[in-house]
Amino acid sequence: MPELPEVETVRQGLSRWVTGRRLAAVEVRHPRAVRRHAAGPDDFSAVLTGRTLGEAQRRGKYLWLPLDSGDALVGHLGMSGQFLVLPADAADGPHLRVRFSFADGDSQLRFVDQRTFGGLAVSPGGAQLPAEIAHIAPDPFDPLFDADRFVAALRKKKTGVKRALLDQTLISGVGNIYADEALWRAQLHGERPADRLSPAQARELLAEVVAVLQEAITAGGTSFDALYVNVNGESGYFDRSLHAYGRAGLPCDRCGAPMRRESFMNRSSFSCPRCQPPPRTS
DNA sequence: CGCGCCTCCTGTGTGC
DNA sequence: TGCACACAGGAGGCGC
């Protein structure tokens, strides 16, 4: 479940292992992986071959690698996407979608994706900020992020505060896991109406979002299973620090009450029934 | 235009 | 043992 900390960990790995290298060949093994590349898989390979990769960039959960052509290779990991740096002779796994071979021949970059929600595309002229990403808000670590603007926008949303946190046009990078963690820390139930938060509550919630994302980056992200790993195939260890996500029935780390699980948008929300009382209307 | 629901995917776990 | 089904969920797209 890659969210901002997991994607940032991958970005750091790409920066270390592929920045500055020249692509010798790009092999699309599954067309769905490049469905967002309008010109099709053959064009995807053609425009990338021979290009040199620049410094890996990230906004929210999107990644991009600027190219020396002025275009950019844009990627989203979706649910289960992985970028792996592997020896060229390593066996192909069953979920290999795209193989990037380098002119130096020392290792390969592979895009592997079990559930195929992730995808890659080349964004024409997108080296600075790909058009595919321009519609989402800056994430809270972006110098362009404006906390006052976020707080004001959040307090105008006619929806629950968790839905608002997951709205990538309001703040990017937050997914189901870190939304639940930030709400637990802020002692707010996710169905609390966003437009009824006080300015202080909204600022506190943002502070908790930033804190939990930063701590998770330091831990290398959250891994529940083999679906999230860094570019070297290693798991993150933030799962040991989770207070809400996946803890249904376990005692709240703050008050001891059994944590609850609720259905939300065809998925799950975890919260403490005592520390995070639901609003009366829901 | 804002909001919320549906859909795309596949592997794992569970219950009958 | 095998089958059916729930579940995991980011984000585009569409209906209201």
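Bear in mind the structure is a predicted one, so any value in this text is a computation, not a measurement. Order of the sequence lines sets the chain letters (A, B, ...), proteins ahead of strands, with each chain counted from 1.
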Original post:
Which residue, A/N266 or A/K157, contacts DNA chain B at a nucleotide closer to its 5' end, judged by nearest heavy atom?
Top reply: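 That would be A/K157.
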**OP:** Take A/K156 and A/R32, find for each the nucleotide of DNA chain B with the closest heavy atom, and name the residue whose nucleotide sits nearer the 5' end.
**Re:**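 Residue closer to the 5' terminus by nearest nucleotide: A/K156.
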Starting at atom [atom1] of [X], determine the distance to atom [atom2] of [N], rounded to an integer number of angstrom.
{"X": "A/D139", "N": "C/dG10", "atom1": "CG", "atom2": "C1'", "result": "16 Å"}
{"X": "A/L77", "N": "B/dC9", "atom1": "CG", "atom2": "C1'", "result": "15 Å"}
{"X": "A/I177", "N": "C/dA8", "atom1": "CD1", "atom2": "C1'", "result": "10 Å"}
{"X": "A/L166", "N": "C/dG12", "atom1": "CG", "atom2": "P", "result": "14 Å"}
{"X": "A/E262", "N": "C/dA8", "atom1": "CD", "atom2": "P", "result": "13 Å"}
{"X": "A/D239", "N": "C/dA8", "atom1": "CG", "atom2": "C1'", "result": "16 Å"}
{"X": "A/H76", "N": "B/dC9", "atom1": "NE2", "atom2": "P", "result": "17 Å"}
{"X": "A/R115", "N": "C/dG10", "atom1": "CZ", "atom2": "C1'", "result": "12 Å"}

In terms of side-chain heavy atoms of [X], which of [options] is nearest?
{"X": "A/M79", "options": "B/dC3, B/dC9, C/dA8", "result": "C/dA8"}
{"X": "A/K61", "options": "B/dC3, C/dG10, B/dT7", "result": "C/dG10"}
{"X": "A/N176", "options": "B/dC8, C/dG10, B/dT7", "result": "C/dG10"}
{"X": "A/H95", "options": "C/dG10, B/dG11, B/dC9", "result": "B/dG11"}

Side chains of [Y] and [X]: any donor to acceptor distance under 3.5 Å?
{"X": "A/D113", "Y": "A/S80", "answer": "yes"}
{"X": "A/Y178", "Y": "A/T222", "answer": "yes"}
{"X": "A/S15", "Y": "A/E55", "answer": "yes"}

At 4.0 Å (heavy atoms only), tell me whether [X] reaches a base, stays on the sugar-phosphate, or touches nothing.
{"X": "A/R36", "value": "sugar-phosphate"}
{"X": "A/H30", "value": "nothing"}
{"X": "A/Y62", "value": "sugar-phosphate"}
{"X": "A/S268", "value": "sugar-phosphate"}

Subject >> Pairing of A/R29 and A/D92 as salt bridge, 4.0 angstrom limit >> reply: yes
Original post:
Would A/K162 and A/E262 pass as an ion pair if we require N to O under 4.0 Å?
Top reply: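 No salt bridge links A/K162 with A/E262.
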Side-chain N or O of [X] closer than 4.0 Å to phosphate OP1/OP2 of [N]:
{"X": "A/R261", "N": "C/dA8", "answer": "yes"}
{"X": "A/Q168", "N": "C/dA11", "answer": "yes"}
{"X": "A/T159", "N": "B/dG4", "answer": "yes"}

Original post:
Taking C-beta and beyond as the side chain, do A/L213 and A/P140 meet within less than 4.5 Å on heavy atoms?
Top reply: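 Result yes, sub-4.5 Å side-chain heavy-atom pair found.
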Original post:
Ring of A/F117 versus six-membered ring of C/dA11: centres under 5.5 Å and planes under 30°?
Top reply: no
